[in-house]
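The block underneath contains the structure these notes are about, expressed in structure tokens.
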Amino acid sequence: MLWLLLVVIVPTVCVLWFMLAAIDNERVAVRQRLITAYRTQLAGVKRELAAWLQQEAARLDARAANLSCASLFAEVVRGDEADSLICRGGEPEAEYPRQSRMPPVPLKSETSAWDRASRLERKGSFVDAAVVFSRIAEGDADVDRAARALQAQARCLNKAGRREAAVQVLSEKLASPGFRAAVDPQGRLIAPNAQLLALQLIADTDNEQFRLAAGTLRERLVDYGEPVMAATQRRFLMRQFQEIVPDAPSFDTLDAEDLAADYFDSESIPATAAALTHAGPGELWQLVSPGGRVVALHRESRLHRRLTRVIDATDLPPEMSAELLRPGLDPDPALLFVSFAADEPLPGWRVALQLDEQALVDAATRRQVAVYLWTGLLVIAVIVAATGLIARAIRRQMRSTRIKNDLLATVSHELKTPLASMRLLVDTLLDGDNLDAPHVREYLELISKENNRLSRLVDNFLSFSRMERNKQQFQREELDAAAVIRSVTSAMGERFNGPGCRVDVEIAPGLPKTYADSDALVTAILNLLDNAYKYSGADKQIALSAFAADGDVCFAVRDNGIGLTGRAKGKVFERFYQVDRNLSRKESGCGLGLSIVQFIVRAHGGSVDVESRPGEGSTFTVRLPAAGPGISAGATSAQQEVAG
Ligand code: ADP
């Protein structure tokens, strides 16, 4: 058995190992195929990104040719195309935002009136000075100087304590369209500065005049048209405005202005045209147009978002989703499938395919894995089945060897006793010349009894042997239960005729017939009667009955003998089983009688059972299926009494 187990386990383990190795290899091969396929797709994504960047850069140049730098700045930032932008126009003034300061506006010669007004202001005659400045503003044809005169008038009025008059000059006179382009010597637009000053003087946010001035200033600050406000002035005014009018919505370009200012302040890395390069400050990237006129600035996170939009728009197979990995960002190794550097258009970035590799490979290998699995399982099943068959054959062989040995031992032992007693009796008869007739008869009766015992034993051995070899043939015919009982009683002969033995026979009227081999059935019932006789005490009360129950014809043998325990009841039909071997020896038994009964009854499609209690006797009942509804003619209840 241990060998058999090894014969199963070793090949099964080998098959399993081969199977798992084959599955692993299949997975590796499929993964490799998928990687190759997806690499091609990712290269396509990389090309798309490069094309998009080039196109964006070229578009910037084209737009710069048609738009002023400031307008381009506002358009790009507001359209979320970049986070900021630096545009270099044909002339230095056209730049936006400007890196260097504005070239100072050449001072125009002041008139004598201006000198007088300045002297009056220095002396503290603010009202007079304001009057002179007002006159200058009215009479001067130069817009810049007139605007500056109005600024000075407002300043003097304020110093003189005439705040309202000053506000009026600032928010009304200076707000007129004529002064829209007026600049101070530093190149700053005068009107917006005047608006801010007016707001600071009014200081009351609920004031109608304040609201009007605030509206005008805000409009000017978000306006990137001509005349263009210098970026430094715009940023300063936007900040001031937000402080004075905190409830106002924030400016959508202020962040971009700040970013451009930071870019100028930092040592930015020189950019290559039409390529995305790291810009230096923080996580800032710059894309320079081919003509070199425009630099679009992108914050890394937002650039990632913009590029992701490009990837999303590319035509990829539905199960695939490409991702762009920002520099220094490690992908989730559990999800990463393929990734490679997007060097040329995006230095430091990686184009990656992140997906649940397990699920993908599982799906691709499912069929092949199933084939391996089923083949492996089939081989294992064949091994197990073959081993099972071999084991069964071996078990059968072992059983039949054991039975043969048991039979041989039992036969030799059981034959020895009656043969020995017969030889003794015969020797006594031969030697006893003076034996009288009654003694001779007694010895002969004893010899006959031993002979009978021997015959029964040999009969049982033969039946058993046929049974074991499946050679038992049954000649089945329709049988009348009463006829069977009659055959049994006649076969009982004189054996049950001894003293202290009474056999009652009862046949129920109208019994159906049964379909059985008469001799076999008689042998079975005789075996039961034999046991009833053997395992009963000195006063033997045996009852043999035939009756019908549940469509069966039943033959029952009841005795008042030693009975059986519950455990013994379950085992008495096993071959060679004997409850008490000593008792059986005395009474000539070899543990085969009941197994022969059971074999015969089962071969007829019936059953045999026992009801018994120790010391209270036993009832063995044989049940055979009835042959048909016919009632045997002339069946009568009969009772034969063999009284001792
Ligand atoms: P044996 O040849 O030993 O009688 P059987 O197969 O006929 O073999 O019976 C098996 C055992 O069952 C017997 O040894 C006996 O111990 C027990 N047995 C059978 N019939 C009876 C009975 N009527 N009363 C008590 N014990 C019985």
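Residue numbers count from 1 along this sequence. Everything numeric in this text was worked out from a predicted model, so none of it was measured.
Heavy-atom minimum distance, Phe179 versus Ala146: CE2-CB, 3.8 Å. A pairwise comparison of heavy atoms in Thr40 and Thr36 identifies OG1-O, 2.9 Å as the closest pair. Residues Pro97 and Ala260 come closest through the heavy atom pair CG-CB, 3.6 Å. Across all their heavy atoms, Ser595 and Phe573 have their closest contact at CB-O, 3.4 Å. Minimum heavy-atom separation, Asp144 to Ala182: OD1-CA, 3.2 Å. The minimum heavy-atom distance linking Ala181 with Pro227 is given by the pair CA-CG, 3.7 Å.
Each of Leu170, Leu212, Asn207 was scored for a side chain to side chain contact (heavy atoms under 4.5 Å, CB included) with Ile202, with one residue passing: Asn207. Screening Leu85, Leu276, Thr277 against Leu287 for a side chain to side chain contact (heavy atoms under 4.5 Å, CB included) leaves a single residue, Leu276.
Side chains of Leu60 and Val295 form no contact here, defined as non-hydrogen atoms less than 4.5 Å apart. Residues Asp204 and Gln209 form no side-chain contact, since every pair of their non-hydrogen atoms from C-beta on lies 4.5 Å or further apart. Taking 4.5 Å as the limit, every side-chain heavy atom of Ile86 sits out of range of all side-chain heavy atoms of Val294. Under the 4.5 Å side-chain criterion, counting only non-hydrogen atoms from C-beta, Arg78 is in contact with Asp252. Contact check for Gln242 versus Ser250: side-chain heavy atoms found under the 4.5 Å cut-off. Arg220 is listed as a side-chain neighbour of Asp223, based on a closest heavy-atom distance under 4.5 Å. Proximity of Leu20 to Asp24: side-chain heavy atoms (C-beta onward) are nowhere separated by under 4.5 Å. Two residues are said to be in side-chain contact when any heavy atoms from C-beta on lie closer than 4.5 Å; Met398 and Ile394 meet this criterion.
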Item to check | Stepwise salt bridge (Lys or Arg N to Asp or Glu O under 4.0 Å) test for Glu323 and Arg350 | outcome: CA-CA 8 Å; Glu323 241 189 85; Arg350 292 186 80 77; over 6 Å; no

Item to check | Worked check of side chain to side chain contact (heavy atoms under 4.5 Å, CB included) between His278 and Gln286 | outcome: CA-CA 6 Å; His278 206 253; Gln286 54 189 348; over 6 Å; no

Next on the checklist: Show, in sequence, the C-alpha distance, side-chain angles and deciding distance for Tyr96 and Val228, and conclude whether the side chain to side chain contact (heavy atoms under 4.5 Å, CB included) test is met.
Outcome noted: CA-CA 9 Å; Tyr96 195 88; Val228 177; 3.8 Å; yes

Checklist entry - Please walk me through it: do Glu226 and Arg180 pass salt bridge (Lys or Arg N to Asp or Glu O under 4.0 Å)? => result CA-CA 9 Å; Glu226 294 293 333; Arg180 195 174 154 74; over 6 Å; no

Item to check | Trace of the side chain to side chain contact (heavy atoms under 4.5 Å, CB included) decision for Arg402 with Arg399 | outcome: CA-CA 5 Å; Arg402 205 182 57 233; Arg399 191 170 139 262; 4.0 Å; yes

Next on the checklist: Is there a side chain to side chain contact (heavy atoms under 4.5 Å, CB included) between Arg31 and Arg27? Walk through the geometry before answering.
Outcome noted: CA-CA 6 Å; Arg31 189 175 189 277; Arg27 293 181 73 87; over 6 Å; no

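We find that Arg326 and Glu283 are joined by a salt bridge, their nearest charged nitrogen and carboxylate oxygen being less than 4.0 Å apart. Between Arg299 and Asp255 there is a salt bridge, since at least one side-chain N of the basic residue sits less than 4.0 Å from a carboxylate O of the acidic one. Between Arg239 and Asp258 there is a salt bridge, since at least one side-chain N of the basic residue sits less than 4.0 Å from a carboxylate O of the acidic one. A salt bridge does not link Asp609 with Lys569: none of the charged nitrogens is closer than 4.0 Å to a carboxylate oxygen. Ion pair Arg623/Asp550 not flagged as a salt bridge, since none of the NZ, NE, NH1 or NH2 atoms sits closer than 4.0 Å to an Asp/Glu carboxylate oxygen.
One finds the CG atom of Leu221 at 10.0 Å from the CD atom of Glu257 (value rounded to the nearest 0.5 Å). A distance of 7.0 Å separates CG in Asp206 from CZ in Arg211, rounded to the nearest 0.5 Å. Interatomic distance, OG1 of Thr365 versus CD of Glu26, reported as 6.5 Å (0.5 Å rounding). Within the model, atoms SG of Cys87 and CZ of Arg293 stand 5.5 Å from one another, a figure rounded to the nearest 0.5 Å. How far CG of Leu53 is from CD of Glu56: 8.0 Å, rounded to the nearest 0.5 Å. A distance of 11.0 Å separates CG of Leu42 from CZ of Arg47, quoted to the nearest 0.5 Å.
Taking the centre and axis of the six-membered ring of Tyr224, the NZ or CZ atom of Arg234 falls inside the cone set by 45° and 6.0 Å.
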List the atom pairs, with distances to 0.1 Å, where a side-chain N or O of residues 302-312 and a protein N or O form a donor-acceptor pair under 3.5 Å, not counting sequence neighbours.
| unit_1 | atom_1 | unit_2 | atom_2 | d |
| --- | --- | --- | --- | --- |
| Arg302 | NE | Asp83 | OD1 | 3.1 |
| Arg302 | NH1 | Asp83 | OD1 | 3.2 |
| Arg302 | NH2 | Asp80 | OD1 | 3.1 |
| His304 | NE2 | Leu324 | O | 2.7 |
| Arg305 | NH2 | Asp80 | OD2 | 2.7 |
| Arg306 | NE | Asp80 | O | 2.9 |
| Arg306 | NH1 | Asp83 | OD2 | 3.3 |
| Arg306 | NH1 | His298 | ND1 | 3.0 |
| Arg306 | NH2 | Asp80 | OD1 | 2.8 |
| Arg306 | NH2 | Asp83 | OD1 | 3.0 |
| Thr308 | OG1 | His304 | O | 2.5 |

May I have the list of side-chain donor-acceptor pairs in residues 187-196 shorter than 3.5 Å, sequence neighbours left out?
| unit_1 | atom_1 | unit_2 | atom_2 | d |
| --- | --- | --- | --- | --- |
| Arg188 | NE | Asp184 | OD2 | 2.8 |
| Arg188 | NH2 | Asp184 | OD2 | 3.1 |
| Arg188 | NH2 | Gln186 | OE1 | 3.1 |
| Asn193 | OD1 | Gln233 | NE2 | 3.0 |

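Atom CD of Glu208 sits in a crowded spot, with more than 12 heavy atoms from other residues, nucleotides or ligands closer than 6.0 Å. At most 12 non-hydrogen atoms from other residues, nucleotides or ligands lie less than 6.0 angstrom from CZ of Phe18. In the displayed structure, Glu219 atom CD is contacted under 6.0 Å by at most 12 heavy atoms of other residues, nucleotides or ligands.
Judged purely by atom type and a 3.5 angstrom limit, Ser289 has no side-chain atom pairing as donor or acceptor with the backbone of Asp61. Of the possible donor and acceptor atoms, one in the side chain of Ser68 sits under 3.5 Å from a partner among the backbone N and O of Ser71.
When the ring-ring contact (aromatic ring centres under 6.0 Å, His included) test is applied to Phe251, the partners found at least two apart in sequence or on another chain are Phe241.
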